[in-house]
Amino acid sequence: ENITVLTSSPWDSINPENHWVDSNLNELAAGPSRASIQVVATIVSIAADSGPISRCTTCRRVLRDENCVEHGIQEGTPDTRVRLVLDNGDVALTALLNGPVAEEALKGSRDAIKAEIKNMGKDAWLSKKREEWFGRRVRIRGRTRIDEGGGYLLVDEMSLDNVEPLTADQLRERWKL
């Protein structure tokens, strides 16, 4: 009596390739791992290990001095990564851009980025990226991974465009500087 059998779905089909659920950093940091999320936050840090990297061929961890903590010394697989810290005034969360997503955000191929770093030096290259991105509001689409070690966003798309930037005065006020 209380059950209605439906002959068709009461909602349209959802294409996960272009369906994003608006979220905020607070719920993402405090909740379980999630997919297909979209969040707007402020970039407050770009990690020094951003740029061209090599990954372990077995576990895909980033190699340090051609060494994987699990699998030892190896050549590794070339990749590009950007590691950002996003903040909304209450919570901070790390965002990882890998491979083509990182190259698109950096506006160049891995080889072009390596050449730019060789020409400028790693510190100058990082300073340039920090000047371009620090304090900028960004729209991130992707998924979260939350585990006992903390949480981070795995970025599928990143957009600095059409996101209202915060002024330096707004940042100082937000962070009570």
Side-chain angles (χ1 to χ4, degrees), residues 16-17 20 23 25-88 91-161 163:
E17 295 296 318
W20 305 98
S23 304
L25 285 185
N26 298 57
E27 65 188 35
L28 294 177
S33 297
R34 293 177 53 190
S36 299
I37 59 92
Q38 173 176 273
V39 66
V40 175
T42 303
I43 298 172
V44 296
S45 178
I46 300 171
D49 61 355
S50 296
I53 59 169
S54 291
R55 294 191 179 278
C56 174
T57 55
T58 304
C59 68
R60 301 225 356 105
R61 287 190 172 126
V62 175
L63 300 180
R64 306 275 186 234
D65 299 321
E66 299 180 353
N67 188 40
C68 173
V69 295
E70 291 288 320
H71 301 102
I73 294 177
Q74 56 183 284
E75 268 187 50
T77 303
D79 198 2
T80 307
R81 169 171 87 172
V82 176
R83 194 162 50 101
L84 305 171
V85 176
L86 305 177
D87 192 290
N88 69 355
V91 173
L93 198 59
T94 298
L96 297 173
L97 292 76
N98 294 305
V101 176
E103 291 174 7
E104 182 178 331
L106 295 170
K107 295 182 169 88
S109 69
R110 183 176 193 279
D111 289 338
I113 295 163
K114 283 178 73 172
E116 190 175 4
I117 290 171
K118 183 177 181 181
N119 183 44
M120 298 177 72
K122 179 75 180 233
D123 290 340
W125 181 83
L126 275 170
S127 291
K128 178 182 170 192
K129 294 302 165 195
R130 288 172 175 152
E131 284 176 22
E132 290 173 8
W133 292 1
F134 181 78
R136 295 280 311 269
R137 306 245 314 144
V138 63
R139 180 179 327 283
I140 298 282
R141 291 177 170 172
R143 61 194 184 284
T144 58
R145 180 165 179 183
I146 311 294
D147 58 25
E148 63 278 350
Y152 51 91
L153 286 160
L154 294 168
V155 179
D156 293 326
E157 294 178 25
M158 179 179 108
S159 173
L160 292 167
D161 303 327
V163 179

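Keep in mind the model is a prediction, meaning the values are calculated, not measured. Heads up: numbering here begins at 1 and tracks the sequence.
For Thr57, the side-chain hydrogen bond (donor to acceptor under 3.5 Å, both in side chains) partners two or more places apart in sequence, or in a different chain, are Gln74. Judged as a salt bridge (charged side-chain N to carboxylate O under 4.0 Å, His left out), and not counting sequence neighbours, Arg130 has no contacts. Taking Thr144 as the reference, nothing meets the side-chain hydrogen bond (donor to acceptor under 3.5 Å, both in side chains) condition, with sequence neighbours excluded. Applying the salt bridge (charged side-chain N to carboxylate O under 4.0 Å, His left out) criterion to Lys122, with sequence neighbours excluded, gives no partner residue. Under the salt bridge (charged side-chain N to carboxylate O under 4.0 Å, His left out) criterion, Glu70 pairs with Arg61, not counting sequence neighbours. With sequence neighbours excluded, the residues satisfying side-chain contact (heavy atoms from CB on, under 4.5 Å) with Asn67 are Ile73. When the side-chain contact (heavy atoms from CB on, under 4.5 Å) test is applied to Ala95, the partners found at least two apart in sequence or on another chain are Leu84, Leu86, Leu153, Val155. Annotation: side-chain hydrogen bond (donor to acceptor under 3.5 Å, both in side chains) contacts of Arg143 (sequence neighbours excluded): Asp156. Looking at residues two or more places apart in sequence or on another chain, you find no salt bridge (charged side-chain N to carboxylate O under 4.0 Å, His left out) involving Glu66.
In this structure, Ile46 CD1 and Leu97 CG are separated by 10.0 Å, a value rounded to the nearest 0.5 Å. The line from CZ of Arg60 to CG of Leu63 is 10.5 Å long, rounded to the nearest 0.5 Å.
Under the 4.5 Å side-chain criterion, counting only non-hydrogen atoms from C-beta, Ile117 is in contact with Pro52. No side-chain heavy atom of Trp20 sits under 4.5 Å from any side-chain heavy atom of Arg139.
Remark: side-chain polar atoms of Ser50 are paired, donor with acceptor, to backbone N or O of Arg83 under 3.5 angstrom.
Under the salt bridge (Lys or Arg N to Asp or Glu O under 4.0 Å) criterion, the residue pairs touching residues 25-45 are Glu27-Arg34, with sequence neighbours excluded.
Taking each heavy atom of Val44 and Phe134 in turn, the nearest pair found is O-CE1, 3.1 Å. Taking all atoms of both residues into account, the shortest heavy-atom contact from Ile146 to Gly31 is CG1-O, 3.5 Å. Listed here is the closest heavy atom pair of Ile43 and Trp133: CB-O, 3.6 Å. Closest of all the heavy-atom pairs between Ile37 and Leu28 is CD1-CD1, 3.8 Å. Heavy-atom minimum distance, Val91 versus Ala29: CG1-CB, 3.5 Å.
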Without placing hydrogens or testing angles, list every side-chain donor-acceptor pair under 3.5 Å for residues 98-115, not counting sequence neighbours.
{"from": "Asn98", "atom 1": "OD1", "to": "Arg55", "atom 2": "NH2", "distance (Å)": "2.6"}
{"from": "Glu103", "atom 1": "OE2", "to": "Thr80", "atom 2": "OG1", "distance (Å)": "3.2"}
{"from": "Glu103", "atom 1": "OE2", "to": "Arg110", "atom 2": "N", "distance (Å)": "3.4"}
{"from": "Ser109", "atom 1": "OG", "to": "Ala112", "atom 2": "N", "distance (Å)": "3.1"}
{"from": "Arg110", "atom 1": "NE", "to": "Asp79", "atom 2": "O", "distance (Å)": "2.8"}
{"from": "Arg110", "atom 1": "NH2", "to": "Ile53", "atom 2": "O", "distance (Å)": "2.8"}

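Checked for salt-bridge contact, Glu131 and Lys128 miss the test: no charged N lies under 4.0 Å from a carboxylate O.
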